[in-house]
Number of protein chains: 2
Amino acid sequence: MASKSSILFHFSFLFLLPWLSQSSAHPLDPLSPDEISTVRRVILSTHLPSPPSLSIHYVGVDEPAKHEVLAWDQKRPSPPRQAFVIARFGGETHEIIINVANASLVSDRVYYGSGFPLLTLEEQTAAAALPLSYPPFIDSARRRGVALADVVCSTFTAGWFGEPESARRRLKLLCFVAGETANFYVRPLEGIVVVVDLDDMRIVEYRDRVAPPVPKAAGTDYRGGRQHRVMVAQPAGKGFKVDGHSVSWSNWQFHLSYDARAGLIVSLASVCDTDKGGTRRRVLYRGYVSELFVPYMDPVEEWYFRTFFDSGEYGFGLWASPLVPNVDCPANAEFMDGYYAGQDGQPVKVPNVFCIFERYSGDVAWRHTEFGIPGQLIREADPEVSLVVRMVAALGNYDYVTDWEFKSSGSIKVGVSLTGILEVKGTNYTHTSQIAAGDDQHGSLLVQNTMAIYHDHFVTYYLDLDIDGCNNTFVKSKLKTARVTDGSVPRRSYWTVVREAARTEADGRVEMGAVPAELLVVNPNKKTKMGNDIGYRLISNGAPAASLLADDDYPEMRASYGKKQVWVTPYNKSEKWAAGLYVDNSRGDDNLAVWSQRNRVIENTDIVLWHTVGFHHIPYQEDFPLMPMLSSGFELRPSNFFERNPFFKSKQQRQEEHRSPLS
Amino acid sequence: MASKSSILFHFSFLFLLPWLSQSSAHPLDPLSPDEISTVRRVILSTHLPSPPSLSIHYVGVDEPAKHEVLAWDQKRPSPPRQAFVIARFGGETHEIIINVANASLVSDRVYYGSGFPLLTLEEQTAAAALPLSYPPFIDSARRRGVALADVVCSTFTAGWFGEPESARRRLKLLCFVAGETANFYVRPLEGIVVVVDLDDMRIVEYRDRVAPPVPKAAGTDYRGGRQHRVMVAQPAGKGFKVDGHSVSWSNWQFHLSYDARAGLIVSLASVCDTDKGGTRRRVLYRGYVSELFVPYMDPVEEWYFRTFFDSGEYGFGLWASPLVPNVDCPANAEFMDGYYAGQDGQPVKVPNVFCIFERYSGDVAWRHTEFGIPGQLIREADPEVSLVVRMVAALGNYDYVTDWEFKSSGSIKVGVSLTGILEVKGTNYTHTSQIAAGDDQHGSLLVQNTMAIYHDHFVTYYLDLDIDGCNNTFVKSKLKTARVTDGSVPRRSYWTVVREAARTEADGRVEMGAVPAELLVVNPNKKTKMGNDIGYRLISNGAPAASLLADDDYPEMRASYGKKQVWVTPYNKSEKWAAGLYVDNSRGDDNLAVWSQRNRVIENTDIVLWHTVGFHHIPYQEDFPLMPMLSSGFELRPSNFFERNPFFKSKQQRQEEHRSPLS
């Protein structure tokens with residue numbers, strides 16, 4: 001990814017109206033604008049220095065303990081609302097906890113470990129403007145014949161490549177040419193790297209190494225609206241209800257929260273089981289994109305460091321796009337806003353940060369035609385209508401559409417779709433015939449002077465499944481071929497299922513597809529009436545890429561969890577971010593793979609499933625000037641969770657539903 | 001699968017109206033009812049015996065040579081319309097070719113090889129009725145306390161398990177109890193196997209071995225309509241045109257044909273390239289489900305033979321469901337009928353056998369939010385509207401929804417969705433605790449007395465891709481980790497792409513996922529302006545199962561292509577069916593793996609890609625009484641086929657489109 005150099009539009013949505021604090025707030029609700037303001041006031045009123053030296057990097061709900069959330073009852077007040085803040089003063093990183101309800105400081109400690117917090121949007125905007133008044137850069141632009149007014153610079157995290165520990169935060173800038181096109185990403189000022197000291201906000205290194213031609217603007221723009229030819233409507237009204245941040249639809253209830261780092265968080269997803277008298281049964285305590293690692297595959301000076309952690313370095317939520325009704329989401333969608341704390345601590349609104357809609361794709365949820373009963377033709381089916389919650393993060397050049405889709409069957413389908421603009425390298429090549437064999441094995445020539453560099457996208461999900469309770473076990477159901485030993489039949493083989501319950505974290509590391517197996521999270525303490533373990537299984541929808549980087553390479557050390565698509569850890573409130581809490585300049589000493597090395601017990605305890613949806617991306621010409629959607633994801637599918645297909649209810653249950661269609 | 005014991009409803013649609021023969025028929029058009037009647041007339045009027053000993057097993061278009069089809073011009077008459085017929089008389093299988101235009105016999109030869117043709121629906125109906133008047137069966141039913149009027153028997157192909165060659169066609173019957181429920185499949189009369197000689201139409205073996213309880217009817221029915229809560233509408237009209245069997249939509253044109261064996265056939269799919277002055281460029285000459293192999297994993301006497309070839313034994317098209325408007329397909333769908341020849345040669349109509357509709361799921365085809373240009377917020381996106389062609393085959397208990405989805409991006413997405421009813425085994429077990437360790441490792445206990453047996457679904461597609469011309473090459477783009485040798489940068493590794501062009505069929509056999517690679521079909525004779533090979537790539541959407549049966553097991557010999565998900569063969573008009581032309585009682589001597597052993601050259605020649613979408617199915621309680629949809633498939637995605645993303649056209653092109661929105 002490249003980065004957002006302007007936050008004007010987010011600021012223009014600055015929320016100025018008073019916000020009524022709700023005593024009945026859900027304990028997992030995101031901080032309201034009022035609460036964010038309270039956080040700021042407390043920080044300013046305590047011993048901490050005041051702006052401009054105050055720099056707020058993260059403000060989020062400090063979630064109450066899980067048992068408190070689970071015990072929470074709407075009739076009683078929430079557990080104390082606390083905020084977790086990461087701020088920097090005087091070159092140090094502070095972790096601050098604030099009681100929002102009584103506006104008091106709970107704790108403030110300095111973090112001395114390696115790595116730095118999320119970059120703020122404001123410091124990125126400031127940094128991106130520096131080259132435009134930096135004489136050596138002005139010279140470079142002039143030598144290339146580029147008008148300075150057309151130049152846009154973007155911010156690129158510098159990574160870590162074995163440098164000794166330093167308290168200085170450094171950021172790299174790369175610059176592009178807009179002008180006739182909005183698609184500046186495909187017009188790099190290749191060969192120039194600018195290094196900024198972020199705390200001092202000044203250029204500390206400058207290098208203009210080579211100057212291949214700037215690719216042409218013609219044919220690169222993507223603006224211009226289209227027609228919408230299929231309309232959706234819900235004449236009988238929407239089938240879902242939103243109450244604060246809680247959503248109910250069909251048999252599902254869940255809570256939505258926006259976080260500057262994670263983006264969309266789904267919590268407390270539970271499903272109503274009519275076979276158990278309408279009991280709500282828990283499925284997912286909390287699920288979100290924990291990290292998004294995007295390493296590029298060109299080791300040249302201007303490219304080797306491009307190994308982005310879009311969540312931990314940039315903030316998947318901070319870069320969320322305001323969704324456009326009837327374009328990003330269909331006409332029957334509802335929207336929800338989000339609020340984050342700006343660098344100065346003020347609340348900033350992201351309007352329409354989520355949309356929620358009922359999806360109908362023209363498919364059926366189930367069907368059957370029965371020709372087999374003489375004299376009858378039975379044709380039964382149910383149209384598939386599901387509920388989708390969507391957030392889009394546009395992290396510089398790339399756009400990620402992330403969907404959580406709930407189905408009446410009990411499935412949760414998680415979708416990740418990639419679109420947006422490729423990161424390209426300026427080159428002298430104008431035809432592949434100029435590329436000597438063995439030369440430039442790092443990308444695809446898309447148009448003249450434009451090489452799109454090979455890269456990966458590893459989207460790692462945090463999935464704290466609580467299948468019908470907290471204590472769960474991860475089970476691998478391996479398919480094994482067996483020989484037939486009974487000589488009375490002529491069949492010689494079959495496959496059977498060998499279930500292996502994971503005991504410790506080592507058993508929870510899975511390279512998907514290496515052996516045929518189904519991966520389940522079950523509740524070993526509960527059984528169906530038939531005696532089967534109650535569970536959900538993980539089904540990949542086809543993005544199984546794992547990291548191909550060498551184990552001793554620096555980006556691989558930082559994202560060392562990328563070699564396996566599945567990890568299972570015991571629940572630990574502090575283990576939320578797959579690449580660690582401080583990812584900018586991280587050294588790989590605090591990530592999922594490191595935690596897993598402790599090899600803790602994961603059997604019949606509260607466990608978290610981590611799943612990476614991975615894409616190796618070899619660019620093709622069709623990805624230019626803007627790539628068509630490439631989609632994948634996974635399904636969490638009930639597997640002996642229900643006694644039977646939840647679509648099929650008794651006649652009485654159906655009649656009750658008919659009287660109350662929104663229940 | 002089990003099988004269809006009644007064809008009453010198909011017959012009730014018998015087409016009686018005259019059919020105007022069209023001189024401008026497309027050479028790949030399916031046979032019209034009139035043409036089918038002509039075929040019958042010719043057979044009856046030649047030397048062949050007349051009904052009832054006449055038994056027609058297959059009638060389809062005898063496709064003209066590919067070069068003739070490609071040279072065909074709508075202004076000139078079609079190449080001679082010929083029908084290919086498989087019929088049986090006097091215990092022999094005849095292959096007959098008939099010139100339909102002049103109603104004459106072209107050839108008639110007897111087939112002496114192993115295996116038998118498709119079963120007819122009529123003989124299955126007749127066979128399924130035999131037990132009901134067979135005294136030993138009547139006794140068996142009485143002993144189990146089952147009313148004969150409630151019994152439904154289904155037809156199960158017997159497979160081949162090493163028996164010596166025989167000219168007798170044998171079929172097994174298994175019986176079930178309907179009565180209070182339409183869902184008889186889940187109420188087996190377990191332990192009874194009936195063997196029928198199909199040519200004599202009489203029971204030749206009968207065995208009543210064990211009698212576990214018949215599972216209860218309560219909770220098994222699936223009938224009862226639902227509400228439809230999201231409506232789709234196209235106020236500006238449909239965006240596609242159907243002319244005979246040819247469809248045009250957006251940049252796509254293709255031809256649809258119904259075949260009793262293959263079901264839906266997509267032919268001559270070509271895409272209009274506005275960058276090449278609106279030239280039509282060929283992508284897919286012909287694509288369809290070539291075979292659907294479903295082996296079950298219980299070697300007991302009543303189960304070991306259940307290794308169904310749904311296309312080659314039963315006919316994927318013969319079992320197509322008439323689609324219900326607004327249920328199986330959305331309100332904006334159009335429908336197409338199909339016709340097959342009954343056992344007596346008469347045309348039989350399958351109304352609404354295909355539907356065609358524009359799909360809008362609420363997704364975007366591409367998007368980008370640009371925050372990076374100071375003072376601007378750019379938000380651009382295109383709603384994703386695609387064109388879907390659907391056929392549903394309900395092969396006894398299972399329903400397969402097969403979709404071909406065309407996208408303006410140039411992608412073709414092929415979807416396979418499984419729903420319907422599991423094949424279950426009656427058992428004494430009423431709780432899993434009764435199952436001793438090591439015992440009954442063949443299925444899942446779903447409800448009392450009901451074990452759903454493990455099985456696979458291997459859906460093998462025939463994909464005669466013609467990427468911008470006939471001569472193509474299969475390329476594996478393998479991703480390989482490389483070390484950085486340039487000491488001036490601290491990066492240590494990256495991955496690069498090593499392209500391997502397949503030279504012979506051995507290079508075309510691929511176990512998907514074994515190594516990271518993209519699989520492409522390219523036209524090595526054409527390049528993009530940049531010099532890249534023009535191609536399409538195959539992307540799996542996550543059903544990678546390969547066969548786990550032992551190589552020496554009989555069903556594995558018959559479906560020996562099932563160990564690899566991808567095969568590439570040179571185009572050969574006679575190699576259409578992955579498991580061979582005669583699959584009932586086949587011995588594995590004529591299938592895709594056997595052809596591939598010839599190791600023919602597949603480089604820069606007309607090639608066919610065969611791809612299997614594979615599911616291992618471990619049943620869960622949610623699959624009962626009727627399983628929620630399980631979906632997968634693959635995408636054929638343009639990969640340096642276009643010069644750029646075809647969504648992005650010049651302004652002039654867009655204005656022209658605007659004037660003629662359906663072009």
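In what follows, every chain begins at residue 1, and chains take the letters A, B, ... in the order their sequences are listed. Predicted model, so just to flag it, every value in this text is computed and none were measured.
Residue contact with chain A, scored on non-hydrogen atoms closer than 4.5 Å, is absent for B/S444. Contact of B/V300 with chain A is made through the backbone alone, with heavy-atom distances under 4.5 Å. For B/P638, the parts sitting under 4.5 Å from any heavy atom of chain A are the backbone and the side chain alike. With a 4.5 Å cut-off on non-hydrogen atoms, B/A182 touches chain A through its backbone and its side chain both. Both the backbone and the side chain of B/D363 come within contact range of chain A, judged by heavy atoms closer than 4.5 Å. With a threshold of 4.5 angstrom between heavy atoms, B/L626 approaches chain A through its backbone and through its side chain.
Here B/D399 does not pair with A/R379 in a salt bridge; the nearest charged N to carboxylate O distance is not below 4.0 Å.
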For A/L479 and B/I618, what are the C-alpha separation, side-chain angles and deciding distance, and is it a side chain to side chain contact (heavy atoms under 4.5 Å, CB included)?
CA-CA 9 Å; A/L479 282 67; B/I618 302 174; 3.8 Å; yes

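By the salt bridge (charged side-chain N to carboxylate O under 4.0 Å, His left out) test, B/D456 pairs with no residue at all, sequence neighbours left out. With sequence neighbours excluded, no residue forms a side-chain hydrogen bond (donor to acceptor under 3.5 Å, both in side chains) with B/S477.
Judged by distance alone, the side chains of B/Q441 and A/Y494 never bring a donor and an acceptor atom under 3.5 Å apart.
Ring orientation note: the planes of A/Y454 and B/W495 are close to parallel, at an angle under 30° on the 30°/60° scale.
Residue B/D553 is tested with A/R492, A/R483, A/R491 for a salt bridge (Lys or Arg N to Asp or Glu O under 4.0 Å); the sole match is A/R491.
In this structure a side-chain-to-backbone donor-acceptor pair under 3.5 Å is present from A/T419 to B/R367.
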